[in-house]
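Everything numeric here is computed off the predicted structure, so don't read it as measured data.
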Amino acid sequence: MSLSIHRRALVGAAIAAALAPLSLAAPAGAAEPAGSAAPPVALRVATYNIHAGAGEDNVFDLDRTAEAIRSLNADVVGLQEVDVHWDGRSDFVDEAQELAGRLGMRAFFAPIYDFDPLTAGAPRRQYGVAVLSRYPILDAVNNDLTRLSTQVPNPVPEPAPGFAEVTINVRGAHVHVYSTHLDYRADPTVRRMQVADTLNILAADSGPKVLVGDLNAQPGAPELAGLWQDLRDTAPTGAKTYPAINPVSRIDVISVSPDITVVGTDTMATEASDHRPVVADLLLHQRGN
């Protein structure tokens, strides 16, 4: 990926630009003014729908998934379509913990579905979204969104879990990171309700915010318009992400609050899933909660 090659230079240049106004500060030895801004903190974020560890070839290979994530060199990764002891398609493994262990990261898993095991004494069967982080996770919540279940007959839209929210301490800067997976159906009604739910959840949090995920609609879709009142798409001219081979749409998105600087973004060409992962280099300017 071109971004990984130039990441250090790009982030360094952006930090230098952000700090340029400080060159006219008080003479050496003078006390720093109260409330002066701290240097910005770099953070690399990714989003990846891992297709339960199966590639575009529908072959389950968690080693391949882990290698694709490792190659992103991201500090924080939002994952979608994560199996935890789900069924034979993913060998009943806990994908969130397996990937975290292989990558040396912390994990928070937010199940959408949580079912009894197929055999007595086995772990519960779960499916949902996750966040992996190199930095300490200070708080984690599995929020509800309006959903139309794929697991019950004749479903109706109702609140259900599976919207992961973590607060991460990035070298003293606290940032809220959310991983989401919106409704896949052609009818946008449920996605529109999910956007409203999302905005309500984000409004309750203060400080820098990063929302990543599989939106199952391109950013210009009318039902997503509400998101762009409070957030901005980090890659409005970015590459398409789905399907992984010869992609035709950009539905995997990283978005940020206005107080975050976007240094650059990229999309990785890989067949480790049926989606391509997206990565963004960011600068956090705000410290505290």
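- Of the possible donor and acceptor atoms, one in the side chain of Asn142 sits under 3.5 Å from a partner among the backbone N and O of Pro111.
- Using a 30° and 60° split on the angle between ring planes, His275 and Tyr242 fall in the tilted class, from 30° to 60°.
- Between the side chain of Arg276 and the backbone N or O of Pro247 there is no donor-acceptor pair closer than 3.5 Å.
- Distance check: Asp61 CG to Asp91 CG gives 10.5 Å after rounding to the nearest 0.5 Å.
- Note that OG1 of Thr198 and CG of Asn143 are 9.0 Å apart. Values are rounded to the nearest 0.5 Å.
- Linking ILVMFWY side-chain heavy atoms closer than 4.5 Å, directly or via other members, places Ile50 and Tyr127 in two distinct hydrophobic clusters.
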Worked check of side-chain contact (heavy atoms from CB on, under 4.5 Å) between Val253 and Val278:
CA-CA 7 Å; Val253 175; Val278 179; over 6 Å; no

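- Counting heavy atoms from C-beta outward, Leu284 and Ile260 have side chains that approach closer than 4.5 Å.
- Taking all atoms of both residues into account, the shortest heavy-atom contact from Leu199 to Gly226 is CD1-O, 3.5 Å.
- A donor-acceptor pair is defined here as one N or O able to donate and one able to accept, closer than 3.5 Å; such a pair exists between the side chain of Thr270 and the backbone of Ala272.
- Scanning all heavy atoms of the two residues, the minimum distance from Leu79 to Val82 falls at CB-CG2, 3.7 Å.
- With contacts defined as side-chain heavy-atom distances shorter than 4.5 Å, the pair Leu62/Arg102 qualifies.
- With a 4.5 Å cut-off on side-chain heavy atoms, Asp116 and Arg124 count as touching.
- A donor-acceptor pair under 3.5 Å is formed between the side chain of Glu56 and the backbone N or O of Ala244.
- Using modelled atom types, one finds no donor on one side chain facing an acceptor on the other under 3.5 Å when comparing Arg125 with Tyr113.
- Of the possible donor and acceptor atoms, none in the side chain of Thr146 sits under 3.5 Å from a partner among the backbone N and O of Pro157.
- For Phe108 against Val166, the heavy-atom pair with the smallest separation is CD2-CG1, 3.7 Å.
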Could you walk me through whether Met268 and Leu72 satisfy the side-chain contact (heavy atoms from CB on, under 4.5 Å) test, starting with their C-alpha distance in whole Å, then the side-chain angles of each, then the deciding distance to 0.1 Å, before giving a yes or no?
CA-CA 8 Å; Met268 177 184 176; Leu72 299 171; 3.7 Å; yes

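- Although no hydrogens or angles enter the test, the distance criterion places no donor-acceptor pair under 3.5 Å between the side chain of Ser179 and the main chain of Gly78.
- His176 places no side-chain N or O within donor-acceptor distance of the main-chain N or O of Thr167, the cut-off being under 3.5 Å.
- The shortest heavy-atom contact between Glu95 and Phe60 is OE2-CE1, 3.3 Å.
- Looking only at side-chain heavy atoms (C-beta outward), Leu145 and Ile201 come within less than 4.5 Å of each other.
- Two residues are said to be in side-chain contact when any heavy atoms from C-beta on lie closer than 4.5 Å; Arg44 and Val279 meet this criterion.
- The two residues Arg191 and Ala217 make their nearest non-hydrogen contact at NE-CB, 3.7 Å.
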Go through Asp75 and Arg171 one step at a time and tell me if the salt bridge (Lys or Arg N to Asp or Glu O under 4.0 Å) criterion holds.
CA-CA 12 Å; Asp75 302 312; Arg171 301 193 299 280; 5.9 Å; no

What do the steps show when you test Gln80 against Thr47 for side chain to side chain donor-acceptor pair (under 3.5 Å), and what is the final call?
CA-CA 8 Å; Gln80 302 83 45; Thr47 187; 3.3 Å; yes

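- Contact detail for Ala74 and Val45: the closest heavy-atom pair is CB-C, 4.4 Å.
- In this structure, CZ on Arg192 lies 13.0 Å from CG on Asp197, to the nearest 0.5 angstrom.
- The backbone N or O of Gln97 sits less than 3.5 Å from a side-chain atom of Asp94, completing a donor-acceptor pair.
- The distance from the CD atom of Glu165 to the CG atom of Leu202 is 7.5 Å, given to the nearest 0.5 Å.
- Counting heavy atoms from C-beta outward, Val129 and Thr180 have side chains that stay 4.5 Å or more apart.
- Once rounded to the nearest 0.5 Å, the distance linking CD of Gln151 with CZ of Phe115 reads 4.5 Å.
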side-chain contact (heavy atoms from CB on, under 4.5 Å) between Asn169 and Tyr135, worked out
CA-CA 6 Å; Asn169 183 351; Tyr135 292 106; 5.8 Å; no

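- Here the straight-line distance linking atom OH of Tyr48 with atom CG of Asp252 works out to 10.0 Å at 0.5 Å rounding.
- Looking at Gln126, its side chain never comes within 3.5 Å of a backbone N or O of Asp114 through a donor-acceptor pair.
- Judged purely by atom type and a 3.5 angstrom limit, Arg232 has no side-chain atom pairing as donor or acceptor with the backbone of Ser255.
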Please report the C-alpha distance between Glu67 and Arg64 in whole Å, then the side-chain angles of each, then the deciding distance to 0.1 Å, and finally whether the salt bridge (Lys or Arg N to Asp or Glu O under 4.0 Å) criterion is met.
CA-CA 5 Å; Glu67 189 55 39; Arg64 179 171 57 177; over 6 Å; no

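- Side-chain contact check for Pro243 versus Val248: some heavy-atom pair is nearer than 4.5 Å.
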After noting the C-alpha distance and the side-chain angles of Arg185 and Asp183, does the key distance pass the salt bridge (Lys or Arg N to Asp or Glu O under 4.0 Å) rule?
CA-CA 6 Å; Arg185 296 167 178 85; Asp183 191 76; 2.4 Å; yes

Could you walk me through whether His181 and Asn216 pass side-chain contact (heavy atoms from CB on, under 4.5 Å), step by step?
CA-CA 8 Å; His181 192 182; Asn216 269 311; 3.4 Å; yes

